[in-house]
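Okay, so here's the structure we're looking at.
Reckoned from all heavy atoms, side chains included, excluding hydrogens, waters and symmetry mates. Each ligand, and each atom within it, is numbered from 1 in the order the structure gives. The model shown is predicted, which means the values in this text are computed figures rather than measured ones. Along the sequence shown, the residues carry numbers beginning at 1.
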Amino acid sequence: MKQSSLLPLIIFILMFLWEQVAPYGDYKDKKANFICNILIALINTLILRLIIPIQIYQSLDQYIPNFIEFKNMPFNFLITILVFDMAIYWQHRFFHLNDFLFRMHKAHHTEKFLNVTSGMRFHFFELILSSLYKVFLLLVFNPSLENYLWYEAILLSFSLFNHANIKINFKLELLLSKLFITPLIHRSHHSPKSVSMNKNFGNIFVFWDKLFKSFEIQETRTYGLSGCNYSNNFKAQILIPFKKS
Ligand SMILES: [Zn+2]
């Protein structure tokens, strides 16, 4: 197992334990469908093993001239994380702007009880499109593969952290949120209110939302999509992109 893939595993275990000890929302009477999310995550892992952006990138790279090479730049690790984080900010924003793309992203937003497993709940159509976009980014920017793998590990770790149902000291979270996306910021993106849902597209760093005018900070305790009542089971969630509304 690569060192970078250990990071999200450690974060998952930590967040899961934190949710048991100090949860943010009380879900005792509600039903979060952990099995649905874990099944989606398992399928996504399988798909990623088949469509690994790195392998497509390596097979295409020989045919495409390299104008930009992050791997030869100073501070290449930081540059890779920053540029990829900004690119995925825009990917997320476009998935909300475009109706066709939003159909793929909907399954992520139908979650009514945010928890650590929600951070892995992405429809595999969205995952495939995102993987192809990442191949494009790899071909354009040519980071070192080690840096790219660390970026992926950090991205997934932040996704697990930002969706986790965990209580954090408010002052500490406000301080953290000066630089990073935290659960407080990401929860409002899962609000059923469309104004809030179309804010806070960031994944790791908070400054893209501030720079591109999509930042808001608002405590939210209700999540999901208004006007949509999809069952929260695996089959219903997988079929969402084929539904008209
Ligand atoms: Zn979203």
According to the interplanar angle, ranging from 0 to 90°, do the rings of Phe158 and Phe180 count as parallel (below 30°), tilted (30 to 60°) or perpendicular (above 60°)?
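Rings of Phe158 and Phe180: tilted, 30 to 60°.
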Centroid separation [X] to [Y] less than 6.0 Å:
X: His109; Y: His96; answer: yes
X: Phe125; Y: Phe242; answer: yes
X: Trp90; Y: Phe212; answer: yes
X: Phe95; Y: Phe102; answer: no

Once you round to the nearest 0.5 Å, how far does CG of Leu129 lie from NZ of Lys134?
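Leu129 CG to Lys134 NZ: 11.5 Å, rounded to 0.5 Å.
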What is the number of protein N, O or S atoms that sit under 2.8 Å away from the Zn ion (ligand 1)?
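Count of protein N, O, S atoms less than 2.8 Å from the Zn ion (ligand 1): 5.
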